[in-house]
2 protein chains.
Amino acid sequence: MPAIQDIKVAVDAVVFGYDAKQLSVLLIKRGVEPFKDSWALPGGLVMDNESLETAVTRELKEETGVQIDYLEQLYTFGKPGRDPRNRVVSVSYFGLVRPNHFKIQAATDAKEVQWFPVKELPDLAFDHGTILNMAKERLKAKLQYQPIGFDLLNKEFPFSDLENLYTTILDHKIDRRNFRKKILSFEIVEETDKIHQKGSGRPAKLFKFNNKKYNQLLNEGFHFEIKIV
Amino acid sequence: MPAIQDIKVAVDAVVFGYDAKQLSVLLIKRGVEPFKDSWALPGGLVMDNESLETAVTRELKEETGVQIDYLEQLYTFGKPGRDPRNRVVSVSYFGLVRPNHFKIQAATDAKEVQWFPVKELPDLAFDHGTILNMAKERLKAKLQYQPIGFDLLNKEFPFSDLENLYTTILDHKIDRRNFRKKILSFEIVEETDKIHQKGSGRPAKLFKFNNKKYNQLLNEGFHFEIKIV
DNA sequence: GCAAAAGTGTTCCTGATACACCCATGC
DNA sequence: GCATGGGTGTATCAGGAACACTTTTGC
């Protein structure tokens, strides 16, 4: 057993947002060394008495001001040398926010915060590029077997938003009729009596995800699945 | 930022073995406080200059003597209070071993090592019961979308072993003909020219998993899938 | 010859895929 | 009246599920 272990524990978050047919990631510009002025994932050291989840939520709030709608653990990165100063083990998280929680504001260690479309990412500090890639894979995979897409849309959304979300993130065409049929067959989205007008074209009914119904179906052995490719 | 962080980093491993139609887990009896004489997952503190994977492998070798055939990260547990002494964040791993690597031998912090059938588990130290449950879920899920079952069997195995492995771990009946047809249709297992005699009954051809072929198919977009339930 | 496990095909049915036209609105 | 996006049904096809008898060996 080592006499005294000298390793720090940090958390980092990859937070995705979706709006205007674009998938974006929340990044901060570091205000302190190392990698001062580089773009990086929001995150920081865990405090002695808070849980890992509390730490991510706190750091996100402090550094970016975003309110998170979905959060899960992604992976833990701990190779010696990933931080040039001390050994740091980083527990990374994967988060999603709705468009109306997009308001951001930099503070503490972050001198800037910005949403970057995933197609136009800057170089990232540390091994954050690796973490981000893993998060993108996770998002693509999960979209196909868990209804997490709804956490990227407004609570009430036109069907075309859902459809665009899938085609954009998975980068694949979908047959509109079959997609709608499939989603509706799950009986986890409900029609509302609201109607949405988007400039030109026929107005669209708004739908909403019924989470209670989803959990109930889960208990009965239901399995969400949208296969693309 | 906290002045000085006081958190330790550990690794723990849930190692599964399969033999004689039983799924077993590798546990150690702790030789030191806390939880002295309790059964626990093998693991321990990470040394300053080793990676997390190296740490698990080392601890497994030291404490149990097993050689691991498959290893992946499972989840990181870090709630304050999970260790009665210090705050310890544990990165847990999920491992599989083949029957012929079943030889075990206790050492260092472990005063005993033993394979426990998952149906007859003792109470575990710390939150190791939770970790073990998550590992069981992961195993069940992965069996259905990755060919990891082969890492629990001998390199060359009769088809019935594979079939029994699936029925045992997933706790569900499978149609022998459909199962064989499905697996063979993937073209990732090959017939060998060996034959295996198991007491009574007709001798069985031995098959082996072709990992190169599997990886090649993966690149072509192949997706392993055995759906049960 | 009988007990035990291995090996093997066909039918049916469900669910996925492919595909094109009409509708409601703004300008 | 035309441009824009929304809404809808059917026919075909592929893959999953159900199902039982024959073969080879040991005793």
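Any value given below was found using the heavy atoms of this structure, including those in side chains, with hydrogens, waters and symmetry copies removed. Here is the naming used below: chain letters follow the sequence lines, and residue numbers restart at 1 for every chain.
- Considering only side-chain atoms of A/K205, the nucleotide from C/dT8, C/dG7, D/dT8 that sits closest is D/dT8.
- With rounding to whole Å, B/L184 atom CG is found 11 Å from C/dG7 atom C1'.
- For the OP1/OP2 pair of C/dA5 and a distance below 4.0 Å, the side-chain nitrogens and oxygens of B/S160 include no atom meeting the criterion.
- A residue-by-residue look at A/G201 and B/P203 shows that A/G201 has its nearest nucleotide of DNA chain D further toward the 5' end.
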Evaluation steps, side chain to side chain contact (heavy atoms under 4.5 Å, CB included), between B/K142 and B/Y70: CA-CA 12 Å; B/K142 280 227 154 180; B/Y70 177 88; 3.6 Å; yes
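- The CG atom of B/N178 sits 12 Å away from the C1' atom of C/dT11 (whole-angstrom rounding).
- There is no side-chain donor-acceptor pair under 3.5 Å between A/T54 and A/T57.
- Distance from the side chain of A/R202 is smallest for C/dA24 among the nucleotides C/dA24, C/dC19, C/dT8.
- The side chain of B/R177 lies closest to D/dC19 when the candidates are D/dC19, D/dT25, C/dT25.
- Looking only at atom types and distance, the side chain of A/Q144 has no donor-acceptor partner in the side chain of A/Y166 under 3.5 Å away.
- One interatomic measurement links the two molecules: CZ of A/F159 to P of D/dG7, which rounds to 9 Å at whole-angstrom precision.
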Worked verdict on A/E191 versus A/K208 for salt bridge (charged side-chain N to carboxylate O under 4.0 Å, His left out): CA-CA 7 Å; A/E191 202 173 314; A/K208 65 178 178 186; over 6 Å; no
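- Taking 3.5 Å as the limit, the base of C/dA6 and the side chain of B/R180 contain no donor-acceptor pair of atoms between them.
- Between the P atom of C/dC13 and the CG atom of B/D175 lies a distance of 17 Å, rounded to the nearest Å.
- Atom P of nucleotide C/dA16 and atom CD1 of A/I228 are separated by 12 Å, given to the nearest angstrom.
- Applying the 4.0 Å criterion to OP1 and OP2 of C/dC27, one finds that A/S200 has every side-chain N and O outside that range.
- The rotation axes computed at either terminus of the helix from C/dG1-D/dC27 to C/dC27-D/dG1 lie 0° apart, taking five pairs at each end and rounding to 10 degrees.
- Side-chain to base pairing of B/R176 with C/dG7: one donor and one acceptor N or O lie within less than 3.5 Å of each other.
- The CZ-C1' distance, from B/F157 to C/dA5, rounds to 17 Å in whole Å.
- For a distance-only test at 3.5 Å, the side chain of B/K181 qualifies as a donor-acceptor partner of the base of C/dT10.
- In this structure, a donor-acceptor pair under 3.5 Å is absent between the side chains of A/Y214 and A/Q216.
- Partner of A/P99 under the side chain to side chain contact (heavy atoms under 4.5 Å, CB included) criterion, out of A/D19, A/L153, A/D161: A/D19 alone.
- Using a 3.5 Å distance cut-off with no hydrogens or angles, the side chains of A/D12 and A/S90 do pair a donor with an acceptor.
- Rounded to an integer number of Å, the gap from A/F186 CZ to C/dA16 P is 8 Å.
- The distance from atom NZ of A/K182 to atom P of D/dG7 is 20 Å, rounded to the nearest whole Å.
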